[in-house]
Amino acid sequence: MKIADERQMKQGRGLIERFREFLPPCKAIVSLGEGNTPLVFSPKLSARVGRGCEVYVKNEGMNPTGSFKDRGMTVAVSRAIDRGARALICASTGNTSAAAAAYAARSGIACAVVLPAGKIATGKLVQAFAHGAKIVAIDGNFDDALRIVRELGEGTEFVIVNSINPDRIAGQKTAAFEILDVFGDAPDFHLLPVGNAGNITAYWAGYRDYKARGRSTKLPAMIGFQAAGAAPIFHDKVISNPETIASAIRIGNPASWKQARAALDESKGAVDVVTDEEILAAQSWLACNEGIFVEPASAASIAGLFKWSQKIPEGRRIVCTVTGHGLKDPDSVLSRIGDLEPVPAKIDNVRRAIGF
Ligand code: F0G
């Protein structure tokens, strides 16, 4: 088989086939064809930063369930199946539950998801339901849900598929590998949203793995962005009532806090905050100017780029990860559309309504 054909075959088999040598062993592969997401050069973002900087967007909304969670889930569920698991469980702000439900369906095992009542974006709840998960809404926030799930996971009935499961982090490292494979080296800066802090931990581990094997010469500075009302790492204290429109990162006590702190320190990076207004403005800007529609939490990296653009030295290569698709959380945009008053079905009326 030609090398190109071989690569093509591996693409359709998901990221475990492609990155096996960097991942824990998996016998059964439960894949939905995750990974291999677009790394899009963004001319207008680059122009906004200016001074010869190049900005790329790693669009993780293009994964099978519409978020980066699929990368960790393929590894976590494959290994759960290897161990004979019968049921998965997770706490979630929405995306982990959507991914867990889909991979559980694919592998034919049960899945229970524990969610903060009333705080899950519509699309994500619909996904968990559509894939047949048992949904439990609690009167509490994500941190409460994770505490309960940790306790339930101590028994033998469930395998926890939150990022406290190291297989999730292992799978998520592959996003860094893909970026390194495209550039042939690490970018100078990597910006991303931070919630439970698993993803920043995973990217940093991925960058370090490749460098240790001589596949890159440098490491990026990791810059994490939290929502201003849910910024425990930034403030260095647990936030007991986190609040933000970016419901995916509405977390006050991140599970991978220590590992994220290490990634920030070792990479000479930083953690900063962005307000809900900045997040929504960045979401809208990216959709209208670059054609990339992301959910509010994902726009935290873009809002962060705008905030940091003058702090980044000239000529640097920057990657912003956008973590989830905009269609998952239509409500904030829907409220801006207002009522659409119908016009008569005649060409003149339509032309007049268009207004140009
Ligand atoms: N962006 C999105 C769209 C997310 O869903 C999450 C986390 C993050 C960013 C933050 O990533 O937690 O690794 O720091 N969502 C989790 C969930 C908590 O339950 O879906 P993190």
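Note that ligands are numbered from 1 as they come in the structure, with each ligand's atoms numbered from 1 the same way. All of these numbers come straight from a predicted model, not from anything done at the bench. Below, all heavy atoms of this structure are taken into account, side chains as well, without hydrogens, waters or symmetry copies.
- The nearest protein atom to atom 8 (C) of ligand 1, hydrogens excluded, is given as I249 CG2, 3.6 Å; this is a heavy-atom distance.
- In terms of protein heavy-atom proximity, atom 20 (O) of ligand 1 is nearest to T96 N, 2.8 Å.
- Of all the listed residues (S163, G195, S92, A98), G195 holds the heavy atom that lies closest to atom 10 (C) of ligand 1.
- Screening residues 290-300 for side-chain hydrogen bond (donor to acceptor under 3.5 Å, both in side chains), with sequence neighbours left out, gives N95-E295, K124-E295, S298-T323.
- Interface atoms of ligand 1 facing G198, defined by a heavy-atom separation under 4.0 Å, are 13 (O), 14 (O), 21 (P).
- Here the protein heavy atom with the shortest distance to atom 4 (C) of ligand 1 is A248 CB, 3.5 Å.
- What sits closest to atom 18 (C) of ligand 1 on the protein, heavy atoms only, is T93 OG1, 3.4 Å.
- Heavy-atom separations between A197 and ligand 1 include at least one value shorter than 4.0 Å.
- Using 4.0 Å as the threshold, I251 has a heavy atom nearer than that to some atom of ligand 1.
- Regarding atom 13 (O) of ligand 1, its nearest protein heavy-atom neighbour is N199 N, 2.8 Å.
- Note: F177 and F19 have tilted aromatic rings, judged against thresholds of 30 and 60 degrees for the angle between ring planes.
- Among protein heavy atoms, the minimum distance from atom 16 (C) of ligand 1 is reached at K69 NZ, 2.9 Å.
- Residues V238 and W257 are in side-chain contact: their nearest non-hydrogen atoms beyond the backbone lie under 4.5 Å apart.
- Applying the salt bridge (Lys or Arg N to Asp or Glu O under 4.0 Å) test to K58 and every residue at least two apart in sequence or in another chain returns E178.
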### Query
Please walk me through it: do W308 and F189 pass ring-ring contact (aromatic ring centres under 6.0 Å, His included)?
CA-CA 11 Å; W308 270 64; F189 288 85; 7.5 Å; no
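- Within the 4.5 Å cutoff, the side chain of N165 has no heavy atoms near those of the R79 side chain.
- One side chain, D331 or T122, offers a donor N or O that lies under 3.5 Å from an acceptor on the other.
- Contact annotation: the side chain of I233 approaches that of L264 to within less than 4.5 Å [non-hydrogen atoms, C-beta and beyond].
- Figure legend: cation-pi geometry between R213 and F22, with NZ or CZ positioned under 6.0 Å from the six-membered ring centre and within 45° of its axis.
- Summary of contacts: the protein heavy atom closest to atom 5 (O) of ligand 1 is N95 ND2, 2.8 Å.
- With hydrogens left out, the protein atom closest to atom 1 (N) of ligand 1 is T323 OG1, 2.6 Å, a heavy atom.
- Of all atoms in ligand 1, listed by their number and element, those nearer than 4.0 Å to a heavy atom of V194 are 14 (O).
- When the options I200, N196, T321, V322 are ranked by their closest heavy atom to atom 12 (O) of ligand 1, first place goes to N196.
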